[in-house]
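Since the structure comes first, as structure tokens, the remarks are kept for the end.
So you know, we letter chains A, B, ... as the sequences are listed, proteins then strands, and number each from 1.
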Protein chains: 2
Amino acid sequence: MATAATINDVAKMAGVSIKTVSRVVNREPNVREKTRDLVLQAIQQLNYKPSLAARGLAGGRSFLIGMMYDNASDSFLVDLQRGILRACRERHYGLALCPASRAEDRTADLMEWVVSTQPDGIILTPPLSDDQSLVDRLIDANVTFISVSSTGTGLGPSVLIDEVDAARSMAQHLIDAGYQDIGFIKGPADHACSDLRFRGFEMAMNSAGLPVNSDWVKVGEFDFDSGVAAAEQMLKGPNRPTAIFASNDDMAAGVINVAYRSGLNVPKDLAVAGFDDTPLAQHFWPGLSTVKQPIIQIGQQATEYLMGLFEGPPSGDSNEKTKSGEQSMVLPYELVLRGSTGA
Amino acid sequence: MATAATINDVAKMAGVSIKTVSRVVNREPNVREKTRDLVLQAIQQLNYKPSLAARGLAGGRSFLIGMMYDNASDSFLVDLQRGILRACRERHYGLALCPASRAEDRTADLMEWVVSTQPDGIILTPPLSDDQSLVDRLIDANVTFISVSSTGTGLGPSVLIDEVDAARSMAQHLIDAGYQDIGFIKGPADHACSDLRFRGFEMAMNSAGLPVNSDWVKVGEFDFDSGVAAAEQMLKGPNRPTAIFASNDDMAAGVINVAYRSGLNVPKDLAVAGFDDTPLAQHFWPGLSTVKQPIIQIGQQATEYLMGLFEGPPSGDSNEKTKSGEQSMVLPYELVLRGSTGA
DNA sequence: ATGGTAGTTGACAGCGCTGTCAACGAAGGT
DNA sequence: ACCTTCGTTGACAGCGCTGTCAACTACCAT
């Protein structure tokens with residue numbers, strides 16, 4: 001194995017002590033600019049990369065960002081990872097994955113992982129970010145965390161889009177396109193976004209003076225099969241909606257599937273809208289109108305914000321109270337209109 | 001942060017030296033059974049987890065498995081991660097992700113990551129596993145690696161399915177279903193499996209006495225758009241195939257998309273088969289017939305095999321020559337037949 | 001000149017663990 | 001009785017880095 005240069009080599013080359021190299025690497029203040037340049041030059045020449053292990057051991061940190069997830073869609077996970085990795089790379093952090101287990105005591109399992117991995121910060125994805133018991137334990141354990149794509153209602157900082165407005169906006173699009181009998185498929189109750197998306201739908205309907213028919217509001221599990229089930233119920237009778245807004249793409253795909261099997265033309269007989277812009281949405285025929293969240297960006301920003309939380313102000317006297325503040329960053333969503341709503 | 005127990009606590013509790021605890025943790029030989037039990041008990045009670053950082057620093061290893069990938073499909077990545085993590089968890093290893101950059105000198109970038117991360121072993125996914133220059137550099141650097149889902153022709157050990165037979169088998173299914181005019185969409189040349197899958201297709205056609213029409217053999221990029229392009233070419237004229245075997249699902253989805261837009265009924269006017277069993281394949285209507293690779297298992301087995309390579313025999317006198325041997329493990333594939341081929 | 005302050009640097013201990021080596025007792029051969 | 005061998009255990013150094021603290025250098029005010 002091509003053995004990497006150590007801090008000693010750099011120090012010798014730059015003619016300073018290893019401590020000074022350490023200062024430069026960690027962007028500590030109070031290093032003369034000339035000295036810093038010397039060190040940086042040596043680092044460049046030797047292609048020096050600090051050892052995570054040694055830094056972690058000595059500094060009591062792990063230089064690891066933990067990503068906890070459960071049951072999320074593949075594309076969401078991969079995109080989020082992309083964003084996180086992008087932020088990690090710059091600061092020489094690593095990413096540690098923690099898929100939630102299927103065990104009955106999920107929280108205990110996750111906490112064990114936290115204790116054994118000791119990540120410096122954790123990124124929580126839905127539905128974990130909406131899990132009060134988990135969040136409580138994390139706060140107890142004094143672990144810095146941030147949640148993505150989730151409300152953050154009293155559950156620490158988060159990076160997300162305005163779910164209500166996004167859903168409202170998509171519903172408005174359906175209404176503008178002339179659809180009036182619109183059904184809705186909600187997500188599972190343990191996802192905070194389920195309610196928000198429904199609320200946005202209601203807002204658009206109300207402001208257009210359209211009724212929300214409770215027969216046309218179903219609850220799904222964010223997966224294909226539950227979309228099929230919900231659609232079958234809504235579409236079986238003669239009194240059926242002319243458009244269905246599913247609160248994620250997988251369920252919308254299920255709706256389109258049912259439409260095909262029932263001989264309904266999309267969008268002529270039935271318009272379908274989704275949420276998330278998964279690859280699925282692009283590959284269907286007709287293409288699925290959906291809401292695109294900037295997942296990669298969300299991952300990156302969340303990571304950067306998270307790092308800010310525990311790197312904190314250099315002169316920080318462990319003023320930990322601010323940690324679970326209600327900060328949240330709202331990123332812009334994008335309405336992606338394709339054939340399934342008549343575009 | 002709930003601070004974890006250290007090796008010292010365990011040693012004190014068991015009434016032995018920390019070295020003995022270390023021996024037990026590392027499954028080293030020459031520890032009396034009674035002593036081992038004492039230590040194990042203490043470990044249990046204190047819920048002790050060794051610190052990766054300290055182990056790595058002291059032992060010159062990182063306890064990290066690297067996963068290098070480039071441009072793979074989301075579901076493939078996530079499933080592979082699942083398998084790898086499963087294997088890692090047991091042995092207290094971590095997983096470090098290394099997405100290939102878009103830079104022109106990809107190999108250099110990847111090697112820099114290797115040097116800075118120092119993973120104990122690397123899992124290579126296609127098309128990286130077929131990249132001779134990368135593999136050469138890895139061997140030079142004396143890094144242990146294994147490739148998954150790739151031929152392993154002289155490029156180190158690998159875990160895979162019998163691609164040729166899988167493709168042959170799917171083609172045979174089309175032939176058995178009565179299709180004779182069968183088109184094929186190959187993958188890009190830098191994926192070793194592209195040739196193998198085509199070879200399997202040829203084998204089935206030849207042994208059934210059917211001609212392989214070169215107008216009906218196109219090369220795609222393993223993505224949706226190239227599937228669309230290939231299908232458009234094959235289907236535009238009057239002399240068109242009655243079935244198309246795309247060598248992955250994304251391209252098959254493109255074919256189905258074109259069929260819809262051309263008013264062709266799948267499978268009546270055109271049968272379509274894919275390869276990979278991505279979620280896409282299940283969600284299309286009709287469902288896409290495809291070949292399912294046991295990705296999770298592949299990931300797990302590859303990881304376990306990889307660990308065996310560098311943990312090696314306890315009495316190993318650095319006999320590194322065996323490292324780049326031609327070992328490969330072949331796992332069973334599964335033919336998943338759905339509506340797109342008339343099931 | 002003298003003292004005070006802030007900016008800059010290095011010596012040194014030690015993070016939690018593993019590798020090396022030496023110490024010890026038990027078992028076996030002479 | 002002796003020496004040898006082997007299995008078992010612990011003392012100790014040190015992995016590459018950071019935190020602490022002390023030293024040293026300006027530089028200003030007195």
Using modelled atom types and a 3.5 Å cut-off, is there a donor and acceptor pairing between side-chain atoms of T35(B) and backbone atoms of V31(B)?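 Not confirmed, T35(B) side chain does not pair with V31(B) backbone.
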Where the side chain of D9(B) meets the backbone of A5(B), is there a donor-acceptor pair that is under 3.5 Å apart?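 Answer holds: no.
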Would you say N30(A) and R23(A) are linked by a side-chain donor-acceptor pair, where the criterion is simply a distance under 3.5 Å?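 Absent: no donor and acceptor within the cut-off.
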Would you kindly say whether T6(A) and N8(A) are connected by a side-chain donor-acceptor distance under 3.5 Å?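 There is no such pair between these side chains.
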Separation of atom [atom1] in [X] from atom [atom2] in [N], rounded to whole Å:
X: D120(B); N: dT18(C); atom1: CG; atom2: P; answer: 13 Å
X: R61(A); N: dG16(C); atom1: CZ; atom2: C1'; answer: 18 Å
X: R36(B); N: dG7(D); atom1: CZ; atom2: P; answer: 14 Å
X: E28(A); N: dT8(C); atom1: CD; atom2: C1'; answer: 12 Å
X: K49(A); N: dC17(D); atom1: NZ; atom2: P; answer: 13 Å
X: K34(A); N: dT9(C); atom1: NZ; atom2: C1'; answer: 15 Å
X: L52(A); N: dC17(D); atom1: CG; atom2: C1'; answer: 11 Å

[N] OP1/OP2 closer than 4.0 Å to side-chain N/O of [X]:
X: R55(A); N: dT18(D); value: yes
X: N26(B); N: dT18(C); value: yes
X: S22(A); N: dT18(D); value: yes
X: N30(B); N: dT9(D); value: no

Among [options], the one nearest [X] by side-chain distance:
X: R23(B); options: dC21(C), dG19(C), dG7(D); value: dC21(C)
X: I18(A); options: dT9(C), dT18(D), dG19(C); value: dT18(D)
X: T35(B); options: dT9(D), dG19(D), dG16(D); value: dT9(D)
X: T20(A); options: dT18(D), dG16(C), dT9(C); value: dT9(C)
X: K19(B); options: dG10(D), dT9(C), dT18(D); value: dG10(D)
X: L57(B); options: dT18(D), dG16(D), dC17(C); value: dG16(D)
X: S17(B); options: dG10(C), dC17(D), dA11(D); value: dA11(D)

When all nucleic acid strands are considered with a 4.0 Å heavy-atom cut-off, which category describes [X]: base, sugar-phosphate, or nothing?
X: F63(B); result: nothing
X: V16(A); result: sugar-phosphate
X: G59(B); result: sugar-phosphate
X: V31(A); result: sugar-phosphate

Salt-bridge contact K34(B)-D37(B) (side-chain N to carboxylate O under 4.0 Å):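 The answer is no: the pair does not qualify as a salt bridge.
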Taking the basic N atoms (NZ, or NE/NH1/NH2) and the acidic carboxylate oxygens, is any pair closer than 4.0 Å for R102(B) and D109(B)?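 Between D109(B) and R102(B) there is no salt bridge, as every charged N stays at least 4.0 Å from the carboxylate O atoms.
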